[in-house]
There are 2 protein chains.
Amino acid sequence: MHRQEQHAPHRCTVIANDANDQAGNLTDWEQEYDQIGAGRFCGRIDELNFGGLQLFNEHTGRSLLQRCKVWPDSFWFGFPSKRNETRINGQSVESSDVLCRPGSTEFELVTPESFDMLSIVVSKAKLQSHKASEDIDLKLLDAKNYPRLRLSLRTLQNFRYLLRRILQPTINKIDSDLHHDLLIMGLLELLAEEIPNKKVAPSYQHRKAVVERIKDYMATESIAPVTMTTLCEVGCASRRTLQYSFETILGISPMTFLRISRLNRAKRMLCQPSTSSVSEAASFNGFYHLSQFSSDYRQLFGELPSETFAKSHPANNSQLHSNALEPCVRTVPAFQHCLQRRGT
Amino acid sequence: MHRQEQHAPHRCTVIANDANDQAGNLTDWEQEYDQIGAGRFCGRIDELNFGGLQLFNEHTGRSLLQRCKVWPDSFWFGFPSKRNETRINGQSVESSDVLCRPGSTEFELVTPESFDMLSIVVSKAKLQSHKASEDIDLKLLDAKNYPRLRLSLRTLQNFRYLLRRILQPTINKIDSDLHHDLLIMGLLELLAEEIPNKKVAPSYQHRKAVVERIKDYMATESIAPVTMTTLCEVGCASRRTLQYSFETILGISPMTFLRISRLNRAKRMLCQPSTSSVSEAASFNGFYHLSQFSSDYRQLFGELPSETFAKSHPANNSQLHSNALEPCVRTVPAFQHCLQRRGT
DNA sequence: AGGGCGTTATCGAAATTTGGCAAACATTAA
DNA sequence: TTAATGTTTGCCAAATTTCGATAACGCCCT
């Protein structure tokens, strides 16, 4: 066996009560989580790191929208627990699908409530250095545009069992070399069998493009109150199509997406030390009614914005419930009713 | 009047027998022309340049696919002679439309046989420095995404008349300052009246995206024989939709587009000094049958590839009809029948 | 000249988009 | 708190668009 790891694998378990924290807890990943489901987040990562080969199980208690990017020159493989409720790049994951994305490439995951996913990341070098990988690496490169790989249920269940088994914390250290090799070989076996799942609805490209236009718009334009009509223009689609696009690609309605994105942005901002008050984070993200903001925020995250703020600003708790220090409220436009809480 | 030009305007007339030459004859433009219509090209440009204000009439004898980019910090306005047969960025031009694009922004023009277009380009600075331009510059910026501006026929005809009048070569020099101001004021009048023509078919975005994907593919992938099925995968559409997409956006069928693009690329290559033979240019662009290539080439451009080559390589005419010096023919795949001349 | 192959044209069926209307929900004012 | 108003979402039928199979056509090879 051509093994290159030098030390015993590094094992750790991290628990998070904030989606953003969880996003940062994965070693060598670049990612951002937006919480979609309502209620306080709870998550847990059990990771086993061989160096160049990373194995972990991630539990997320709330529905999430994840933007992920794995470390360079690697491949990620994901084995979600609830397939039919999971989406990768807007494509619904089917029962016999494994998720796969190369490193340095951003992809998007929509995950349901109370969700578990086994993941394995392996460096390209490690895959290629093994024998029995002759005609496979080419197929890998080809997999670039198909994030779902179809496998037989048998292979899939076997591999899942292997992953779970190796993740068991009761494993004795001497086995780690064996485990490393088992993982690589299992992966190669997987890849030999894999068939890209190209099945997408004919409308997929179009709807994806619509959602993408809205996202780009969100990223560039300041988050002033946006009406549905504006979104339609931006997305180059009718109301109903915009609706379908978001439901198909993200599983939520357009306005819900906007509100949730902005709430998550506000939460991130509240955690930054440079933010000096709740109202600053609120108004900066387009919430012009503090009370409404607090209530929406609390419904989504299960805690008040002031609580989040206090956690990241332990020094000056005194100004927690007042913005006397710096009243950062921006100019408030006349239409103060737009874009507040709506719908499901 | 706030005028800034220092000298008398520079006037010139250039005639071209090659679409590429014509593309380069416009001062300060970046463009590339692909000839679509069959027969020897003939074109003519009458230009009048005030510096920061450019006025010209362009005649093109053959149907063209133009990729254009105007000089930075400017706006271009175009008044085509045959509206219903002209497309800008895949949108059909209607009878009361004026074309408008900002500088540094690439756009695409499809023009019919025997076509004339009056054009005027003006620097943003020049427009804004004039009074009566207060609320107009904002609308201009807004015009970014709508290349067609709707005007009343009256205004349009008046302005066209003005342009033609000023282009007359019999004009006496003393009038040039007056003309300059007339043009600017006329433009401002136009812009005050303009309403962006947002009317596109619902399928426009989708079909444009399909064509764009094919173009990107053409640009990146080597031009090996491509089958229609591959194109469908690349474009994420069925055969029929691919067909519709090209007809709607470019007015030609997919394979015709491919062939014409490659023929035009071959012609460009033939004109480069670094190209050493006709067969090199042919095989490099996917033509593996020299005789077929010559015949196709001749039908499109009205001259033999060897003639084009000879024009740009006057020194060594001797090797015109032989490739003895450097037989650059590449490895020829088994399927030699793909992508040759077909259909209309 | 005829067969083989691939592209283009035709047409009915299926999928998608659209626009109108009603219901649900949020915001403002009383 | 309730009513008035405005916005978004859900539902449905009509119009448009896309799809898939088949036939016709043009080009290439024998």
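Values reported hereafter were calculated over all heavy atoms of this structure, with side chains retained and with hydrogens, waters and symmetry mates removed. Chain identifiers are assigned alphabetically (A, B, ...) following the order of the sequence lines, protein sequences preceding nucleic acid strands; residue numbering begins at 1 within each chain.
- A side-chain contact (heavy atoms from CB on, under 4.5 Å) with B:Pro112 is found for one member of B:Lys82, B:Arg83, B:Arg87 and no other, namely B:Lys82.
- Both tests hold for B:Arg262 against B:Phe287: distance to the six-membered ring centre under 6.0 Å, angle to the ring axis within 45°.
- For A:Tyr244, the side-chain atoms get nearest to D:dC12 when compared with the rest of D:dT8, C:dT16, D:dC12.
- One can place CG of A:Leu231 at 12 Å from C1' of D:dT7, the figure rounded to the nearest angstrom.
- Distance from the side chain of A:Met228 is smallest for D:dT9 among the nucleotides D:dT9, D:dC12, C:dT8.
- Residue A:Gln243 places at least one side-chain N or O closer than 4.0 Å to OP1 or OP2 of D:dG10.
- A salt bridge is defined here as a Lys NZ or Arg NE, NH1 or NH2 lying under 4.0 Å from an Asp or Glu carboxylate O, and B:Arg150 with B:Glu94 meets this definition.
- With no hydrogens or angles considered, no side-chain donor-acceptor pair links A:Glu247 and A:Ser253 at under 3.5 Å.
- Nearest nucleotide to the A:Glu247 side chain, out of D:dG10, C:dT16, D:dC12: D:dG10.
- Rounding to whole angstrom units, CD1 of residue B:Ile252 and P of C:dT7 are separated by 16 Å.
- For the pair A:Gln292 and C:dA26, the criterion of a side-chain N or O lying under 4.0 Å from OP1 or OP2 is not met.
- One interatomic measurement links the two molecules: CG of B:Leu242 to P of C:dA9, which rounds to 13 Å at whole-angstrom precision.
- Listed nucleotides: C:dT7, D:dT17, C:dT8. Nearest to the side chain of B:Thr227: C:dT7.
- With A:Glu280 as reference, A:Ser276 is the one residue of A:Ser283, A:Ser277, A:Ser276 to meet the side chain to side chain donor-acceptor pair (under 3.5 Å) rule.
- A:Ile249 has its CD1 atom 12 Å from the P atom of C:dT16, to the nearest Å.
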Verdict with reasoning, A:Arg268 to A:Asn20, per side chain to side chain donor-acceptor pair (under 3.5 Å): CA-CA 7 Å; A:Arg268 281 195 197 91; A:Asn20 290 308; 2.9 Å; yes
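- For the residue pair B:Ser203 / B:Tyr244, no side-chain donor-acceptor distance below 3.5 Å is found, with atom types taken as modelled.
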Please write out the pairs of protein N or O atoms and N or O atoms of nucleotides 19-24 of chain C separated by less than 3.5 Å, giving the distance to one decimal.
none

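- Checked by atom type, the side-chain pair A:Tyr297/A:Thr308 shows a donor-acceptor distance below 3.5 Å.
- Remark: B:Ser203, B:His206, B:Arg207 in residues 203-213 of chain B come within less than 4.0 Å of DNA chain D through at least one heavy atom.
- Side-chain contact between A:Gln35 and A:Ile260 is absent, with no heavy atoms from C-beta onward closer than 4.5 Å.
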